[in-house]
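Quick one: structure below, then a few questions.
Heads up: numbering here begins at 1 and tracks the sequence. Since this is a predicted model, take the numbers as computed values, not measurements. Note that ligands are numbered from 1 as they come in the structure, with each ligand's atoms numbered from 1 the same way.
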Amino acid sequence: MGEIRLSVVAPCYNEEAVLRDFHRRMSAACLAACGDSHEIVLVDDGSSDRTWPLIEELADADPHIVGVRLFRNHGHQLAVTAGLSIAKGSRVLLIDADLQDPPELLPQMMQIMDGGADVVYGQRASRSGETAFKLATASLFYRMLNRLSAVPIPRDTGDFRLMNRTVVDILRGMPEQHRFIRGMVSWIGGRQVAMPYAREPRFAGTTKYPLRKMVSFATDALTSFSTVPLQLAVWLGLMSAVFAFLILTYAVVQWMLGNVVPGWASSLVAISFFSGVQLVVMGVFGEYLGRVVQEVKRRPLFTIAAIRQAGVSTPLPADYYKMGAAEQGALLDTQLRKASC
Ligand code: UDP
Ligand code: MG
């Protein structure tokens, strides 16, 4: 078919309840926006339900679908990264499979991009079906992130966005393991235009972001976009030095007045205060150090088990994981995707 004008990349983790509806609504939106020249890349992020068989079924019936199965659950951001490595379109839409981001907004986003934008990102004007806790923590998080980060990262955004090929290629060239995609796209710059929209409640199924994952996602974002917490040590150290000086003055004055009380209470306070400060600072160092350790390993970001397209399932060749990143990319481009719709 030649050039594909639009690729849609949707990560799917245990989404059997929504996939059919997602496919129906997304296909209609793609047809409306750019006709036949599109593909929908569905990335199965190691689901344990019937998500993959369902993707295979959809891919067999609809040549626009490219199913990608990861070996295991890599998490939302890496599933998206895997999809981006396969997407061929001259524009790429990132969208959640749970229909919280309405596919029907696609034509409008394409129009904004026709006007010269490099990135059109959805900005949530309202969010129904989210708990007050999630809204409050999200708002606090973005405020903190923007204080600490040198790159302005727009608030109330997710990964719902349309990007042009240049931006996608730059993003693909960013090698980090701990990925905060919306921040990385902000870092790329160019003309980024916000499109306000009403975020829907999840169509079916449950959220895959429990509190634990949210905290680790937020820590990834902070550590990838700011080293200010590392400098926290300096401030805490200065503050405790002032505190220690006050205690010292107090102790000397008491000594001069002849009040040589044992003073175990104040020592105890000082010791516990300072060891607390030290542990906090060491913990912050540890967060960064742990990430450095993971980055220097340079493991592959994701592991693909199979690609399904137009009724054909292509397993990766046995030596795929022995190749370098560039070779892997070339292979994905030529051999595995030659059956392009
Ligand atoms: N997701 C994924 N891998 C994961 C967790 C989530 O691919 O480990 C996908 C999920 O299927 C959905 C999107 O990422 O399409 C967003 O997840 P979810 O809707 O659960 O997050 P929330 O909207 O509640 O923040
Ligand atoms: Mg969701």
Side-chain angles (χ1 to χ4, degrees), residues 7-26 29 40-55 58 65-87 92-103 105-106 121-124 126-142 155-161 177-183 197-221 301-305:
S7 298
V8 173
V9 170
C12 313
Y13 179 50
N14 293 344
E15 299 289 8
E16 61 179 3
V18 298
L19 264 178
R20 279 185 198 287
D21 288 272
F22 174 74
H23 171 237
R24 189 174 42 76
R25 284 174 57 184
M26 195 69 246
I40 301 178
V41 182
L42 297 174
V43 184
D44 169 26
D45 188 15
S47 301
S48 52
D49 67 355
R50 287 191 36 80
T51 295
W52 179 246
L54 199 60
I55 290 179
L58 292 172
I65 299 242
V66 181
V68 180
R69 183 180 202 188
L70 304 187
F71 257 102
R72 64 165 173 89
N73 178 250
H74 282 278
H76 181 191
Q77 301 287 297
L78 293 178
V80 168
T81 306
L84 284 174
S85 78
I86 297 228
V92 178
L93 176 77
L94 298 185
I95 186 167
D96 285 354
D98 62 358
L99 292 170
Q100 284 198 278
D101 311 318
L105 295 174
L106 174 65
Y121 59 90
Q123 190 156 37
R124 301 155 185 172
S126 71
R127 298 170 81 169
S128 35
E130 304 271 28
T131 59
F133 177 75
K134 181 145 186 175
L135 295 183
T137 46
S139 143
L140 183 73
F141 165 68
Y142 278 102
R155 48 189 311 173
D156 292 325
T157 58
D159 293 322
F160 182 38
R161 59 193 59 222
Q177 299 274 338
H178 292 272
R179 298 175 92 75
F180 181 58
I181 291 175
R182 62 203 75 164
Y197 76 106
R199 189 154 159 97
E200 308 275 335
R202 197 172 229 292
F203 178 77
T206 51
T207 173
K208 313 301 180 307
Y209 267 98
L211 184 61
R212 182 179 51 80
K213 274 201 200 168
M214 263 164 65
V215 170
S216 109
F217 186 52
T219 323
D220 274 350
L301 296 179
F302 49 81
T303 46
I304 296 179

Can you confirm whether more than 12 heavy atoms, excluding those of Arg155, are under 6.0 Å from its CZ atom? yes
Report yes or no: does a heavy atom of Glu130 sit under 4.0 Å from some atom of ligand 1? no
Heavy-atom distance to atom 1 (N) of ligand 1: which of Phe203, Tyr13, Phe22, Phe160 wins? Tyr13
Please could you name the atoms of ligand 1 that Ala97 approaches to less than 4.0 Å, counting only its heavy atoms? 15 (O)
Beyond-backbone contact of Leu42 with Val68, side-chain heavy atoms, under 4.5 angstrom: no
Hey, are the side chains of Ile40 and Val66 touching, using non-hydrogen atoms and a 4.5 Å cut-off? no
Indicate if the distance from the Mg ion (ligand 2) to the nearest N, O or S atom of Asp96 falls below 2.8 Å. no
How close does the nearest protein non-hydrogen atom get to atom 15 (O) of ligand 1, and which residue and atom is it? Pro11 O, 2.8 Å
Atoms of ligand 1, numbered as shown, that sit under 4.0 Å from any heavy atom of Asp96: 13 (C), 15 (O), 16 (C)
Met26 and side-chain contact (heavy atoms from CB on, under 4.5 Å): which partner among Asp21, Leu93, Ile65? Leu93
For ligand 1, which atoms, with element, lie under 4.0 Å from some heavy atom of Gln100? 19 (O), 22 (P), 23 (O)
Examine Phe217 together with Phe180 and report whether their ring centres are nearer than 6.0 Å. yes
Give the atom numbers and elements of ligand 1 that come within less than 4.0 Å of a heavy atom of Cys12. 7 (O), 11 (O)
Quick one: does Phe203's side chain get under 4.5 Å of Asp98's, heavy atoms only? no
Please name the atom of Asp98, limited to N, O or S, that comes nearest to the Mg ion (ligand 2). OD2
For atom 18 (P) of ligand 1, tell me which residue out of Lys134, His74, Arg202 has the closest non-hydrogen atom. Arg202
What residue and atom, counting heavy atoms only, is the protein's closest point to atom 24 (O) of ligand 1, and at what distance? Thr207 OG1, 2.6 Å
May I ask you to list the atoms of ligand 1 that are less than 4.0 angstrom from any heavy atom of Arg199? 23 (O)
Before giving the answer on side-chain contact (heavy atoms from CB on, under 4.5 Å), spell out for Gln77 and His178 the whole-Å C-alpha distance, their side-chain angles and the decisive distance to 0.1 Å. CA-CA 9 Å; Gln77 301 287 297; His178 292 272; over 6 Å; no
Do Phe71 and Ile304 come close enough that some side-chain heavy atom pair is under 4.5 Å? no
Restricting to N/O/S atoms, is Gln100 within less than 2.8 Å of the Mg ion (ligand 2) or not? yes
Could you identify the single nearest non-hydrogen protein atom to atom 3 (N) of ligand 1 and state the distance to 0.1 Å? Asp45 OD2, 2.6 Å
Side chains of Asp45 and Cys12: does their closest heavy-atom pair fall under 4.5 Å? no
Please tell me if the side chains of Gln100 and Arg124 come closer than 4.5 Å, counting only heavy atoms from C-beta onward. no
State the atoms of ligand 1, each with its element, that fall below the 4.0 Å cut-off from a heavy-atom position in Glu15. 10 (C), 11 (O), 12 (C), 15 (O)
I'd like to check which ligand 1 atoms, numbered from 1 as shown, lie under 4.0 Å from a non-hydrogen atom of Asp98. 19 (O), 23 (O)
Shortest protein heavy-atom distance from atom 20 (O) of ligand 1, along with the residue and atom involved: Lys208 N, 2.5 Å
Please state whether the rings of Tyr197 and Phe160 are parallel, tilted or perpendicular, taking 30° and 60° as the class boundaries. perpendicular
Would you say Tyr121 and Asp159 make side-chain contact, with heavy atoms under 4.5 Å? no
Who's the nearest protein heavy-atom neighbour of atom 21 (O) of ligand 1, and how far? Tyr209 CD1, 3.2 Å
With heavy atoms of Asn73 as the reference, note each atom of ligand 1 found under 4.0 Å away. 3 (N), 4 (C), 8 (O)
